[in-house]
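What you see is a predicted model, and the numbers here were worked out from it, not measured in a lab.
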Number of protein chains: 2
Amino acid sequence: MGIAVNIGQAAEASGVSAKMIRHYESIGLVPRADRRDSGYRDYGPQDVHRLGFVRRARDLGFPLERIRVLLGLWGDPGRSSAEVKALALSHIGELEDKARHLQEMADVLRGLALSCDGDGRPDCPIIAGLEAGPVPPSGPCTGRPTSRSSSAKPPSRRSPSPDRR
Amino acid sequence: MGIAVNIGQAAEASGVSAKMIRHYESIGLVPRADRRDSGYRDYGPQDVHRLGFVRRARDLGFPLERIRVLLGLWGDPGRSSAEVKALALSHIGELEDKARHLQEMADVLRGLALSCDGDGRPDCPIIAGLEAGPVPPSGPCTGRPTSRSSSAKPPSRRSPSPDRR
DNA sequence: GTTGACCTTCCCATGATGGGAAGCCGCAAG
DNA sequence: CTTGCGGCTTCCCATCATGGGAAGGTCAAC
């Protein structure tokens, strides 16, 4: 029937790129599309609708494997909304964990940046913060052990044999 | 001197896995480590220190390419803290953009989940929300199905059946 | 029929990390 | 000294979602 469209139209209508539609088919996220004699894929309204479903789920950050489950629930008349809700809540938790993690990193970095003059001098608490931590044993406390890639390292360190353990 | 260590010790001391240390070397993020006659990599305190720098930068979410720049600034006595700060601020912006994006997705999903009963029945606003959007009408739009009237599927939101035809 | 836009499949790349295989090396116990 | 085990080497593959591009077939307008 005329309602069958090319992958290009399906892509435009669903918001999923043709590349991704083929990919989703290849991993079995969506069923194999019908083909014309020429090999061209044919998409009916339901197919496009399903692709839109996938796209909106992706927009909400669901990974494809979870979308696979969602599609199963979508098509299951006997599903319970509890299943869907549990899946959603679990995903919300993951999203917020990630958001929190990113925000924490930003906060730490902002703390360092706040105390950075940002002028022409090299002294920088940001660099110092990154440099912090376990200072190598027997190494200079190095308020700024900078020149290291440019200048050769004076301290001896290349004995083939000594391997302590 | 005993300060030269194996990749294993360097990994443990720096918090960067041996796998990653080799990878960083292969992409030139850190200079090629000295080798013993056996081919074993040798890491001095400075090398371990640099790896720690990389790890802390990673912990703050810097991508490797940016860490490459940071390492350059670190080792540049003539750097200006303004450069470092600009890099950091730019990165903070990206982190917060991502965090905001994730949080937005979580919020939208939470909104849907709040109105979901989560009981044994199939009716679910979450599924409905994912399904929302232009429902493909079975109308004569052979050529270009672009302008589709919104929502044309009132009957039974149960069992849209992902399987088609 | 020609042409240009579209479709097909297949391979490669991203970014950061890990897993694992095949084979060499180092050290300690026998 | 030999054996054995664990650590080291390189190389390839996998992840996750997406895109780029090549080589070649198809469709529709002119």
Quick check for you: among [options], whose closest atom lies nearest to any side-chain atom of [X]?
X: A:K19; options: D:dG7, C:dC10, D:dT18; value: C:dC10
X: B:Y40; options: C:dG26, C:dA16, D:dG19; value: C:dG26
X: A:R35; options: C:dT17, D:dG20, C:dT8; value: C:dT8

TODO: Might you point out which heavy atoms bring A:K85 and B:C116 nearest each other, and give the distance in Å?
DONE: NZ-O, 2.7 Å

Task: Heavy-atom pair with the smallest gap, counting every atom of A:L60 and A:H91 - done: O-NE2, 3.0 Å

Could you tell me whether the phosphate oxygens of [N], OP1 or OP2, come under 4.0 Å of any side-chain nitrogen or oxygen in [X]?
X: A:Y24; N: D:dT18; value: yes
X: B:N6; N: D:dC8; value: yes
X: B:S38; N: D:dT9; value: no
X: B:R36; N: D:dC8; value: no
X: A:R22; N: C:dC7; value: no
X: A:R41; N: C:dT8; value: yes

- [ ] Before accepting this row, confirm whether a basic side-chain N of the pair B:R22/B:E25 lies closer than 4.0 Å to the acidic partner's carboxylate O.
- [x] no

TODO: Mind checking B:R66 for me? I need base, sugar-phosphate or nothing, with any heavy atom below 4.0 Å counting as a touch.
DONE: nothing

Open item on the list: If you assign B:A18 and A:S17 each to the DNA chain D nucleotide with the nearest heavy atom, which residue ends up on the more 5' nucleotide?
Closed with: B:A18

Open item on the list: Once you measure the plane-to-plane angle for A:H49 and A:W74, does it fall in the parallel (<30°), tilted (30-60°) or perpendicular (>60°) bin?
Closed with: perpendicular

